[in-house]
Amino acid sequence: MNRKFVLNNCSLCVMIFIQTTTIRGDKILIEGLNKLNPMQREAALHKDGPLLILAGAGSGKTSTMTIRIAHLIEDEGVSPYNILAVTFTNKAAAEMRERIEALVGSKANRMWIFTFHACCLRILRRDADRLGYKPDFAVYDTTDQKVVIKRGIKEFSLDEKKYAPNYVLSIISKAKEKSMTATDYQAAFGQNPQYAAVAKIYTYYEEVLKRNNAMDFDDLIFNAVRLLRGNQDVLAYYQERFKYIMVDEYQDTNALQYQFVKMLSDAHDNLCVVGDDDQCIYQWRGADIRNILDFEHDFKDTKVIKLEQNYRSHKTILDAANSVIKNNTDRKSKKLWTDAEDGEKVSYRIVDNEKDEARYIAREITSLVDGIDLNSTAAKLGASWVNSSLLDGGREYRDMAILYRTNAQSRALEEALIYSKIPYKLVGGVRYYDRKEIKDMMSYMRLIINPDDDLALMRIINEPKRGMGAKTLEKLEAWARSQDKSILNLLQNQEVIDSLSAKSQPLVKQMVEAITKYSSIFNLNSNENQESESDSDSLSLDDIRLEDMYDDLLVSTGYLKGLEVQETVESEGRIENLMEFKTVIAEYEKGEEANGEVASLSGFLEKVALVADVDNYNQNEDAVTLMTIHSAKGLEFPVVFLAGMEDGLFPTTRSMEAEDGIEEERRLCYVGMTRAKEKLYLLRAKGRTIYGRYNRMLESRFLKEVDVNTFDKVAMPGQDETGMFHGAMGGEDGRVKPGASLGGMSSSNLYGSDSTNTKFATFNSASSVAKKIKTSVAGKNAASGDLHVAKGDKVRHAKFGEGLVMDTDEKTITVMFDSEGKKKLAKGFAPLTKI
DNA sequence: GAATAAATTGTTTTT
DNA sequence: CAATTTATTC
């Protein structure tokens, strides 16, 4: 077909489309606009030229943005194809797409709504060759990065103390943010011996990633900018395409992201950024608050609109938050206000230690849900705890969130929630995908797509054990280097296999074949031009399900077997996780098919590489949420507990030393407080165990900044019961007073949370906390042998639900479950309760 | 080469 | 405290 003809035809269609909708748009504007307040509407109606929306917490930012986009499409005749919206999390992107789709329908699909990283990745896949990468390049996460750095440190026999991987990594990251390659860095800092060594590692790091056909997170942005900068035609293409660009959470952009956005918007100048300088909490990761503060100067004729009306919180909470943030100096003048009523006072509580804190929160949650009987023990615990909200109850677990500064704090909280039978879900901590067994299987899959990934290969070549020790690997590496091949590539030669030890040979060969089998299938299908006469026997992409491939890999690589023979609690847990991972893969596959797309392995790997834990978080299940304040940005809850308001923890000691550290921490505090809609609790412990050492803690300086009029009367900042000066911070060795035991809790009740704990809790590392608690309880339960059931009894199982006892003997109980059918269970170990 | 024991080190926050 | 790295033994 004639290319020219196609083009003309297309532009004609677009013209007709624009005309008709514009005429219509002059009269009927989309409905959502009516629901906006005057400022929001002004922002939504703004069409051309730079626009800065300063949107305070809870000011209806997302509605304004989505309606603006819908208005552009429906009323202004802008094609969704010409719109780009960039966010920081996949969750935010998904939500925006969903809401726009609700307004304009399926044509929203044509819009690019991505995270910075996903957006850049997409651009890079298309033109990776221009930067010397192959299109199937891998994305390295922090763990991968560290491995490379460590090898570099060894390579140059440098001191790992002086050049800690984290330290080197942060330097490299900062260099990339300033658009400095290893060569640039060497030229700039090479004179200083310390930095010269870092430059050497950086150079090595750059080489390894390039050779492995891989990019790290920073590279995604850096290389996208380089691609656009160095290739006028590519830049022109995207500039022409993205006539309207929106950036969410603009206060968190770094220098590279700024350049990326600036370049893309340069042709049409239709850049709309939304953000709140008071919520910039990622400076430590390179976010440059000046991007939002200087936006008006960087982009000529910027229109600035402030959204200052808060629709989220009661006035008391807002007053409290405002009284804290006003202590920051460098901010745009902006003051949140609300029509809402005062609402409940902020609860401030001083507790003894982290366990006490957790117990207090757990009790409070129970009261908020169940209400409180003044004659009950809970009331006897102290009149000081009774306030109006306690009496009525009626809250749901999902209304509540416990937020904290560091992930480590979740432990004590989890324990208390489990003991109190409170369902919770934990977001964050160790990423599910960072687990060893998951990373291993991912490495196998990565190699299928990208055979150059030596890092992935080294990771799994002896996992399961194939008798490949350090010496052999060294030899292989040198060999591969000399031939300028990847190690996997090298291992595809029979002579190389022959050079291995006798017991390694068949094992390694089998593994290489397992990987190669699938890479040939996938490569055949990704090159659509090569639609050769398909040999009837070989598999094609359509025939193979990712799920089945995964199963096959588990077996043919010997990975599953390797775990099975270990027969330890640990290996069983790993197998369990691998099975869960299969579900993840299957769900991805289903999701893609539902969207009418073909699920691809590379698509899956990509998705996994770029997801954060928050992305999977949904507020539907009835469970209390536990997460860091960082993760909570953008979310809201009727009731919020801010735990650990102590100097040294929040703000952290480190931030107290840094230049603008306190201001960033204060913004974080502000973010935390403004998550609450109706009720805010601030908790502070007098002492806390950190690294297994007990430390006395001082009240957080932020607590002192809160307007005392917003507090309830029970306790005030600055008033320790002791009324004494605090000594110097930390260091004091001692033991935590054994807290009052959680009396009155029958052990059989402890399983209550299991069925309600979400998949999330079981996915995350902190679930190990849950598991440990449960196993210890199970042990006690068995020892006490207090479960007496007979045929005909009704029982409840933590996982299987209710059922009827069919038969019992010395060791086992046979139960017919309502939903799961008949099961034989081990007496004393199965989490059973008589009902 | 692999399985144990001993020693060390780290906690902010995450796309 | 617990996760990870190093040393030691088999």
Side-chain angles (χ1 to χ4, degrees), chain A residues 86-93 114-121 139-143 145-146 150 154 160-161 164-167 169-170 173 215-221 249 252-254 256-257 280-287 354 403-412 427-431 433-434 436 462-473 501 503-504 566 568 607-615 627-633 644 648-658 661 664-665 667-669 671-672 688-694 736 765-766 768-769 772:
Chain A
V86 194
T87 64
F88 273 87
T89 66
N90 295 294
K91 187 176 156 53
F114 290 124
T115 64
F116 270 103
H117 296 272
C119 177
C120 290
L121 182 64
V139 178
Y140 277 9
D141 65 17
T142 321
T143 320
Q145 290 180 291
K146 274 186 200 157
K150 279 184 187 167
K154 265 209 190 110
E160 242 197 78
K161 305 252 154 57
N166 279 332
Y167 161 74
L169 220 43
S170 79
S173 177
M215 297 190 195
D216 64 24
F217 287 129
D218 294 318
D219 285 335
L220 292 178
I221 321 278
E249 306 280 14
D252 286 328
T253 49
N254 66 24
L256 279 175
Q257 288 158 339
C280 174
I281 55 174
Y282 284 108
Q283 265 179 320
W284 54 274
R285 214 172 68 189
E354 73 276 0
L403 308 181
Y404 37 79
R405 181 63 243 268
T406 66
N407 275 308
Q409 288 169 259
S410 72
R411 187 168 216 95
V427 180
V430 175
R431 262 183 27 156
Y433 298 112
D434 281 344
K436 186 188 181 309
N462 204 31
E463 200 67 61
K465 302 284 173 263
R466 297 187 180 96
M468 304 291 285
K471 270 172 276 167
T472 323
L473 293 184
S501 73
K503 71 166 180 182
S504 295
Q566 288 178 33
T568 61
K607 196 152 191 169
V608 169
L610 298 179
V611 292
D613 266 331
V614 223
D615 291 333
M627 58 167 82
T628 63
I629 305 172
H630 281 91
S631 303
K633 194 174 71 164
L649 182 63
F650 190 21
T652 59
T653 319
R654 269 176 86 154
S655 73
M656 285 154 70
E657 289 156 3
E664 173 143 329
E665 294 282 301
R667 288 193 290 270
L668 190 59
C669 181
V671 168
R688 190 174 287 274
T689 314
I690 298 169
Y691 298 146
R693 197 151 271 132
Y694 180 74
V736 195
S765 85
S768 68
V769 176
K772 270 173 202 163

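Quick note on labels: first sequence line is chain A, next is B, and so on, each numbered from 1.
The interatomic distance linking A:Ile690 (CD1) with B:dG10 (P) rounds to 16 Å, in whole Å. In this structure, the NZ atom of A:Lys91 is 16 Å from the C1' atom of B:dT14, given to the nearest Å. Straight-line distance from the OH atom of A:Tyr404 to the P atom of B:dT14: 9 Å, rounded to whole Å. A:Glu249 places its CD atom 14 Å from the P atom of B:dT14, with the value rounded to the nearest Å. One atom, CG of A:Leu220, and another, P of B:dT15, lie 14 Å apart when rounded to the nearest Å. Following rounding to the nearest Å, A:Leu256 (CG) and B:dT15 (P) show an atom-to-atom distance of 18 Å. Rounded to whole Å, the distance from CG on A:Leu169 to P on B:dT15 is 16 Å. When the P atom of C:dA2 is taken as reference, atom CZ of A:Arg693 falls 14 Å away, rounded to whole Å.
The line from CG of A:Leu220 to OG1 of A:Thr115 is 9.0 Å long, rounded to the nearest 0.5 Å. For the atom pair CD (A:Glu249) and CD (A:Gln257), the distance works out to 12.0 Å, reported to the nearest 0.5 Å. For the atom pair CD (A:Glu354) and CG (A:Leu649), the distance works out to 10.5 Å, reported to the nearest 0.5 Å. Rounding to the nearest 0.5 Å gives a distance of 9.0 Å between CG of A:Asn166 and OG1 of A:Thr142.
Set against B:dT13, B:dT15, C:dT5, the side chain of A:His630 has B:dT13 as its closest nucleotide. With distances taken from any side-chain atom of A:Lys471 to the nucleotides B:dA3, B:dT14, B:dG1, the minimum falls on B:dG1. Distances from the side chain of A:Lys465 to the nucleotides B:dT11, B:dT13, B:dA2 place B:dA2 closest.
The cationic atom of A:Arg285 (NZ for Lys, CZ for Arg) lies less than 6.0 Å from the six-membered ring centre of A:Tyr282 and within 45° of the ring axis.
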Give me the distances for all protein-to-nucleotides 6-9 of chain B N/O pairs that come in under 3.5 Å?
unit_1 : atom_1 : unit_2   : atom_2 : d
B:dT9  : OP1    : A:Lys161 : NZ     : 3.2

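For A:Ser631 and B:dT14, the shortest distance from a side-chain N or O to OP1 or OP2 is below 4.0 Å. Between B:dA2 and A:Asn462, a contact under 4.0 Å exists linking OP1 or OP2 to a side-chain N or O. In this structure, A:Asn254 does not reach the B:dT15 phosphate: none of its side-chain N or O atoms is under 4.0 Å from OP1 or OP2. For A:Thr628 and B:dT14, the shortest distance from a side-chain N or O to OP1 or OP2 is below 4.0 Å. Within the 4.0 Å cut-off from OP1 or OP2 of B:dT14, not a single side-chain nitrogen or oxygen of A:Lys633 is found. When the side-chain nitrogen and oxygen atoms of A:Thr472 are compared with OP1 and OP2 of B:dG1, one or more of them lie within a distance under 4.0 Å. Residue A:Arg411 places at least one side-chain N or O under 4.0 Å from the OP1 or OP2 atom of C:dA2.
For A:Arg667 and A:Glu664, the salt-bridge test passes: some basic side-chain N is under 4.0 Å from an acidic carboxylate O.
Remark: the backbone N or O of A:Met468 is paired with a side-chain donor or acceptor of A:Asn462 at under 3.5 angstrom.
Here A:Tyr691 lies in heavy-atom contact (under 4.0 Å) with a base. A:Asn90 comes within 4.0 angstrom of nothing in the nucleic acid, heavy atoms only.
Each of A:Lys503 and A:Val611 was assigned the nucleotide of DNA chain B with the nearest heavy atom; the assignment lying further toward the 5' end belongs to A:Lys503. Mapped onto DNA chain B by nearest heavy atom, A:Phe116 and A:Gly469 fall at different nucleotides, with A:Gly469 at the one closer to the 5' end.
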Which is it for A:Tyr404 and A:Thr628 under the side chain to side chain contact (heavy atoms under 4.5 Å, CB included) test, yes or no, and what are the steps along the way? CA-CA 5 Å; A:Tyr404 37 79; A:Thr628 63; 3.9 Å; yes

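Using atom C1' as the reference point in both C:dT6 and B:dT11, the two lie 22 Å apart (nearest Å).
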